[in-house]
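For reference, the structure is listed below as structure tokens.
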Amino acid sequence: MPKTAVISDIHANLHALYAVMADFQCEQCTDVVCLGDVVGYNAYPQECVNEIRAIGCPVVKGNHDEEVCREDQTRMNPIARQAMEWTRSRLDEDSLTWLRRLPLQRIERSKFVMVHSSLDQPMAWNYILNANDAAGHFNRQFLPVCFHGHTHQPRVFAWDGRHSIEMAEYWQQLLHDGEVVVPLQPGLKYFINVGSVGQPRDGDPRACYGIYDSDAATVTLRRVEYDVAAAQQAVLAVGLPEYLAERLGAGQ
């Protein structure tokens with residue numbers, strides 16, 4: 001199986017998406033999958049939907065993809081709601097229909113599973129932040145590898161048949177080096193968060209994504225530089241909350 005780029009949480013950040021696309025092409029990825037939240041928070045929702053649809057890659061639905069199709073976003077916090085209402089006004093009906101029809105989970109070529117949040121309660125949009133959070137998910141994971149996003153924080157969880165384990169050393173190396181290779185050990189199940197393309201929240205403003213190499217049995221997590229200042233300016237130019245621009249620079 002060729003190398004697969006695994007991207008998530010683009011959140012309408014076209015500058016970051018273009019940078020990641022250029023990077024995974026340089027890394028000779030021949031397949032791409034997207035774990036949802038194509039839209040929300042940033043200035044280019046229609047353009048990002050167009051790009052992902054043009055790639056023609058498998059996509060699962062994120063919570064923002066779900067919410068933007070609702071006319072009532074009162075369940076969201078005020079900033080997210082303001083951004084979502086603006087986002088909805090910028091999407092054409094064909095794009096809204098496409099987002100509405102996205103599946104919650106997907107098995108890709110019998111090799112790995114894709115979900116935005118977790119397999120145990122995909123529509124609850126639970127945040128998997130530690131090994132305890134991941135334990136319930138592993139009860140529903142039957143393939144060795146599952147990729148997810150949602151928290152915007154790259155993490156590696158594993159199941160040894162009895163315990164859910166967070167492999168924190170990989171995230172720490174990623175923060176230090178900007179890249180980490182995770183070897184997939186036989187007998188373990190892996191639940192891997194590939195981080196966020198368009199709104200990282202782990203203190204590093206660079207875009208983040210994963211590369212799955214089934215032949216080598218590895219997942220590589222990579223950080224990618226992009227024009228953060230231009231993305232911030234775009235957020236402000238369309239009248240979205242200033243906080244959304246600020247957090248791009250802080251990686252929060």
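Counting begins at 1 with the first residue of the sequence.
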Task: Non-hydrogen side-chain atoms of His137 and Cys146 separated by less than 4.5 Å - done: yes
Task: Straight-line distance of Arg106 CZ to Cys34 SG, nearest 0.5 Å - done: 11.5 Å
Open item on the list: Testing the basics here: between Trp171 and Pro154, what is the closest heavy-atom pair and its distance to 0.1 Å?
Closed with: CD1-O, 3.3 Å
Open item on the list: Test side chain to side chain contact (heavy atoms under 4.5 Å, CB included) on Ile128 and Phe191; report intermediate values, then the result.
Closed with: CA-CA 10 Å; Ile128 308 301; Phe191 188 34; 3.9 Å; yes
TODO: Step by step, work out the side chain to side chain contact (heavy atoms under 4.5 Å, CB included) result for Val6 and Leu35.
DONE: CA-CA 7 Å; Val6 186; Leu35 308 179; 3.7 Å; yes
Open item on the list: Under a 3.5 Å threshold, yes or no: a donor from one side chain and an acceptor from the other, between Asn193 and Thr151?
Closed with: yes
Task: From CG (Asp204) to OG (Ser196), nearest 0.5 Å - done: 11.5 Å
Open item on the list: Is any side-chain heavy atom of Met114 closer than 4.5 Å to one of Val60?
Closed with: yes
Open item on the list: Using every non-hydrogen atom in the two residues, find where Ser164 and Ala135 come nearest and quote the distance to one decimal.
Closed with: OG-N, 3.8 Å
Open item on the list: More than 12 heavy atoms of other residues, nucleotides or ligands under 6.0 Å from CD of Glu169: yes or no?
Closed with: yes
TODO: Mind checking the CG-CZ spacing from Leu188 to Phe138? Nearest 0.5 Å is all I need.
DONE: 9.0 Å
TODO: Spell out, yes or no, whether Ile7 and Ile211 are grouped together once hydrophobic residues are joined by side-chain heavy atoms under 4.5 Å, including indirect joins.
DONE: yes
Open item on the list: My understanding is that only one of Gln46, Glu47, Arg53 makes a side chain to side chain donor-acceptor pair (under 3.5 Å) with Asn50; could you say which?
Closed with: Gln46
Solution key, residues 10-23 side-chain donor-acceptor pairs under 3.5 Å, sequence neighbours excluded:
unit_1	atom_1	unit_2	atom_2	d
His11	ND1	Val39	O	2.9
His11	ND1	Gly40	O	3.4
His11	NE2	Asp9	OD1	3.4
His11	NE2	Asp37	OD2	3.3
His11	NE2	His152	NE2	3.2
Asn13	OD1	His15	N	3.4
Asn13	OD1	Ala16	N	3.1
Asn13	ND2	Gly198	O	3.1
Asn13	ND2	Tyr226	OH	3.1
Tyr18	OH	Glu51	OE2	3.0
Asp23	OD1	Arg222	NH2	2.9
Asp23	OD2	Tyr209	OH	2.6
Asp23	OD2	Arg222	NE	2.8
Asp23	OD2	Arg222	NH2	3.2

Open item on the list: Using modelled atom types and a 3.5 Å cut-off, is there a donor and acceptor pairing between side-chain atoms of Gln199 and backbone atoms of Gln252?
Closed with: no
- [ ] Heavy atoms only: give me the nearest Gln121-Asn126 pair and the separation to one decimal.
- [x] NE2-ND2, 3.5 Å
Open item on the list: On a heavy-atom basis, which atom in Val238 and which in Ala43 lie closest, and how many Å separate them?
Closed with: CG2-CB, 4.1 Å
Open item on the list: Does the plane of the ring in Phe112 sit parallel, tilted or perpendicular to the ring in Phe147? Use 30° and 60° as the thresholds.
Closed with: perpendicular
TODO: Flag yes if more than 12 heavy atoms outside Arg201 fall under 6.0 Å of its CZ atom; otherwise flag no.
DONE: yes
Open item on the list: Let me check something: do Val32 and Ile52 share a hydrophobic cluster, defined by ILVMFWY side-chain heavy atoms less than 4.5 Å apart, either directly or through other members?
Closed with: yes
- [ ] For residues Pro200 and Arg223, report the shortest heavy-atom separation together with the two atoms involved.
- [x] CB-NH2, 3.6 Å
- [ ] Output the distance between atom OG1 (Thr218) and atom CG (Asp213), rounded to the nearest 0.5 Å.
- [x] 4.5 Å
Open item on the list: I need the Asn139 CG to Ser118 OG distance, nearest 0.5 Å.
Closed with: 11.0 Å
TODO: Considering only NZ, NE, NH1 and NH2 on the basic side and carboxylate oxygens on the acidic side, decide whether Arg155 and Glu166 come within less than 4.0 Å.
DONE: yes
Task: SB check Lys3 Asp215 (cutoff 4.0 Å) - done: no
TODO: Determine, for Arg162 against Asp160, whether the closest basic-nitrogen to carboxylate-oxygen distance falls under 4.0 angstrom.
DONE: no
Task: Cluster link Leu248 to Trp86, ILVMFWY, side chain under 4.5 Å - done: yes
Task: Contact check, side chains of Arg100 and Asp65, non-hydrogen atoms, under 4.5 Å - done: no
- [ ] Begin with the C-alpha distance, continue with both residues' side-chain angles, and end with the deciding distance and a verdict on side chain to side chain donor-acceptor pair (under 3.5 Å) for Ser95 and Asp92.
- [x] CA-CA 5 Å; Ser95 296; Asp92 61 35; 2.8 Å; yes
Open item on the list: Taking Glu108 first and then Lys111, would you say they form a salt bridge - that is, a charged N and a carboxylate O separated by under 4.0 Å?
Closed with: no
Open item on the list: Side chains of Ser117 and Pro122, heavy atoms from C-beta outward: is any pair under 4.5 Å?
Closed with: no
Open item on the list: Would you say Met123 ends up clustered with Tyr127 if hydrophobic residues are merged whenever their side chains have heavy atoms under 4.5 Å apart, either directly or through other cluster members?
Closed with: no
Task: Aromatic ring pairing Tyr41/His64, orientation class (parallel under 30°, perpendicular over 60°, tilted between) - done: tilted
- [ ] Kindly indicate whether the side chain of Val228, heavy atoms from C-beta on, has any atom under 4.5 Å from the side chain of Gln233.
- [x] no
Task: CG on Leu236 to CG on Leu244, rounded to 0.5 Å - done: 9.5 Å
Task: Heavy-atom pair with the smallest gap, counting every atom of Ala131 and Phe157 - done: N-CE2, 3.7 Å
Task: Check: Val33 and Thr4 side chains under 4.5 Å, non-hydrogen atoms - done: yes
Open item on the list: Between Arg206 (side chain only) and Glu225 (backbone N and O only), is there a donor and an acceptor less than 3.5 Å apart?
Closed with: no
Open item on the list: Does any part of the side chain of Tyr170, heavy atoms only, come nearer than 4.5 Å to the side chain of Pro183, both counted from C-beta?
Closed with: yes
- [ ] Any chance you could lay out the side chain to side chain contact (heavy atoms under 4.5 Å, CB included) test for Val219 and Leu184, step after step, and finish with the verdict?
- [x] CA-CA 7 Å; Val219 174; Leu184 304 176; 4.1 Å; yes
Open item on the list: Could you tell me if His176 and Gln172 have a donor-acceptor pair between their side chains, going purely by distance under 3.5 Å?
Closed with: no
Open item on the list: Using only atom types and a distance under 3.5 Å, with no angle test, would you say the side chain of Gln153 pairs donor to acceptor with the backbone of Asp202?
Closed with: no
TODO: Find out if a path of hydrophobic residues (ILVMFWY) with successive side-chain heavy-atom gaps under 4.5 Å connects Ile165 to Trp159.
DONE: no
Open item on the list: Tell me if a side-chain donor or acceptor on Arg88 pairs with a main-chain N or O of Val68 at a distance below 3.5 Å.
Closed with: yes
Open item on the list: Go through it in stages, so that I can follow the logic: the residues are Trp125 and Glu66, the test is side chain to side chain contact (heavy atoms under 4.5 Å, CB included), and I'd like the CA-CA distance, side-chain angles, deciding distance and then a yes or no.
Closed with: CA-CA 11 Å; Trp125 311 116; Glu66 170 76 12; 4.0 Å; yes
- [ ] Taking the side chain as every heavy atom from C-beta outward, state whether His116 and Ser8 have any pair of such atoms under 4.5 Å apart.
- [x] yes
